[in-house]
Amino acid sequence: MSTTQEQPVLRGGIDLGGTKIEAIVVDAANQVLGSARHPTPTSGGPADVAAEMAATMKEAAAGAGTSTAALRGVGVGSPGSVDAAAGTISSAGNLPGWEGSYALAAELGKLLETRVAVGNDVQVAIGAEYALGPAKRYNSLIGVFWGTGVGGGLILDRKPWRGRGGAGEIGHMVIHVGGRHCPCGNEGCVEAYAGRAAMEAHARHEMEQGRKSHLLKLMEEKQRVRFTSAVWAAAVDRGDELAIELIDGAVAALGAGAASAVNLLDVEAVLIGGGLGVRFGEEYVKRIREAMEKHLFRGHTMPDVQLVSLGDLGGALGAALLVVD
């Protein structure tokens, strides 16, 4: 009697960020079999971003020895407000030309020839930390992801809390009424002081006004078109006064925002992630914790404040977890 070998069940995951697109293919045990990383387009619109996402996912699938059409599905973690049921993304201000709502799941599904599920980028990353990492010991936590923007994700009573699709937007908590302009259009948000894109805009303005900085030179040396996390870290290492000033301001803003969220929700833990969070690591997690202390309500105990355990792949792993039978 002949037998046929059963094919492994493979899933795709895409972490869509303001700077990079990370795609992976995983097996049933969530082991990464193939991966690819492309820069996020800086111009165009949602269709251009979707096309680059498809190209990145196809490269990852090829690295895993398969095709996107053979995958059980692909999950996507995206910034912005997410309607998971409709498969749409809106208010993704850190992505080029992303105005209004875009049917990302449907459009990307056509390009990849498989089904696509979407979720908020930080929420799915926190889901991966909770499912696959040591964070599973907590009943409640908030993720603070310091990257192109400042995103957040919530676990309350061991369940993800998504609100009406936009819960956890800690980057848009106002910490300074009438403060700096934020990419979201408001003023004084945490992201206006701590988001990589907002810090870059502020740094460029300062340099145009005559401030000295190594940031542009370092960007060119690293062959980047933006001040990436690596550029900021290198500038701080060189003692660049402008970079240090802005990073210090970001730490203060993150501390104020995270403490305010804890004052409201009284969670057990705060997980720090994102491109800048992972790049700067444990030393800056400690600094953010110290910045939180002065804003924490006296009746609350300081929660555990920790670096994410899954590193840069957490978002893509969490996205792959969106693909279920």
Side-chain angles (χ1 to χ4, degrees), residues 15-20 40 77-82 89-95 98 119-126 129 141-155 160-203 226-229 232 246-265 267 270-280 284-285 287-289 291-292 295 305 307-308 314-315 318:
D15 181 17
L16 172 61
T19 302
K20 63 177 175 62
T40 305
S78 170
S81 184
V82 177
I89 310 294
S90 57
S91 304
N94 289 317
L95 298 174
W98 204 294
N120 174 266
D121 54 347
V122 179
Q123 190 68 62
V124 301
I126 289 299
E129 292 286 334
L141 61 87
I142 184 167
V144 179
F145 276 47
W146 181 21
T148 301
V150 178
L154 290 166
I155 299 288
W161 177 257
R162 302 183 181 89
R164 293 171 294 173
E169 288 291 353
I170 190 170
H172 302 292
M173 295 177 66
V174 174
I175 57 170
H176 185 181
V177 176
R180 283 185 198 162
H181 181 77
C182 181
C184 77
N186 290 332
E187 294 179 339
C189 300
V190 172
E191 188 171 306
Y193 298 89
R196 184 203 57 76
M199 288 195 299
E200 177 171 342
H202 190 74
R226 290 172 281 204
F227 297 172
T228 61
S229 59
W232 283 104
L246 290 172
I247 291 295
D248 286 351
V251 169
L254 291 165
S260 296
V262 172
N263 289 342
L264 177 66
L265 300 171
V267 294
V270 176
L271 300 188
I272 307 296
L276 284 163
V278 171
R279 173 72 63 174
F280 281 107
Y284 277 74
V285 171
R287 288 187 58 191
I288 292 168
R289 185 188 189 281
M292 289 174 61
H295 302 290
V305 183
L307 187 67
V308 292

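The first residue in the sequence is number 1, and the count goes up from there. Computed from a predicted model, the values in this text were never measured in an experiment.
- Of all heavy-atom pairs between Met173 and Ala261, the closest is CE-N, 3.9 Å.
- The two residues Val122 and Gly153 come nearest to each other via the heavy atoms CG1-N, 3.4 Å.
- With a 4.5 Å cut-off on side-chain heavy atoms, Leu276 and Met199 count as touching.
- Between the Asn120 side chain and the Gly80 main chain, a donor and an acceptor come within less than 3.5 Å of each other.
- To the nearest 0.5 Å, the span separating NE2 on His181 from NE2 on His202 amounts to 14.0 Å.
- Note: Phe280 and Trp146 have parallel aromatic rings, judged against thresholds of 30 and 60 degrees for the angle between ring planes.
- Within the model, atoms CG of Leu307 and CD of Glu129 stand 8.5 Å from one another, a figure rounded to the nearest 0.5 Å.
- Under the 3.5 Å distance criterion, the side-chain polar atoms of Glu191 are left unmatched by any main-chain donor or acceptor of Gly149.
- Closest approach of Gly17 to Thr40, counting heavy atoms only: O-OG1, 2.7 Å.
- With sequence neighbours left out, the ring pair (Phe, Tyr, Trp, His ring centres under 6.0 Å) criterion links Tyr193 to no other residue.
- You'll find the side chain of Gln123 stays beyond 4.5 Å of the side chain of Val82, heavy atoms only.
- Not a single side chain to side chain donor-acceptor pair (under 3.5 Å) links Arg279 to another residue, sequence neighbours left out.
- Partners of Asp248 by side chain to side chain donor-acceptor pair (under 3.5 Å), not counting sequence neighbours, listed by chain and number: Arg287.
- With Arg180 contributing its side chain and Ala198 its backbone, the two residues share no donor-acceptor pair below 3.5 Å.
- Annotation: side chain of Ser229 is not in contact with side chain of Arg196 (no heavy-atom distance under 4.5 Å).
- Among Ile126, Leu265, Leu154, the single residue meeting the side-chain contact (heavy atoms from CB on, under 4.5 Å) criterion with Leu141 is Ile126.
- Atom OG of Ser91 and atom CH2 of Trp98 lie 11.0 Å apart (nearest 0.5 Å).
- Between Ala194 and Val150, the shortest heavy-atom distance links the atoms CB-CG2, 3.9 Å.
- Side-chain atoms of Trp161 never come within 3.5 Å of backbone atoms of Ala167 as a donor-acceptor pair (strictly under, hydrogens ignored).
- Here the closest non-hydrogen pair linking His295 and Ala259 is CB-CB, 3.6 Å.
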* Asked: Could you walk me through whether Thr19 and Thr148 pass the side chain to side chain donor-acceptor pair (under 3.5 Å) check?
  -> CA-CA 7 Å; Thr19 302; Thr148 301; 3.0 Å; yes
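- In this structure, the side chain of Ser81 does not engage the main chain of Ser90 through any donor-acceptor pair within 3.5 Å.
- Between Tyr284 and Leu254, the closest side-chain pair of non-hydrogen atoms is not below 4.5 Å.
- Rounding to the nearest 0.5 Å gives a distance of 9.0 Å between CZ of Phe145 and CD1 of Ile272.
- Among all heavy-atom pairs drawn from Ala256 and Ile175, the shortest one is CB-CG2, 4.2 Å.
- None of Leu95, Asp121, Ile89 except one satisfies the side-chain contact (heavy atoms from CB on, under 4.5 Å) rule with Leu16; the exception is Leu95.
- Put simply, the side chain of Asn94 never gets that close to the backbone of Pro183: no donor and acceptor are under 3.5 Å apart.
- Side-chain atoms of Asn186 and Val174, non-hydrogen and from C-beta on, never get closer than 4.5 Å to each other.
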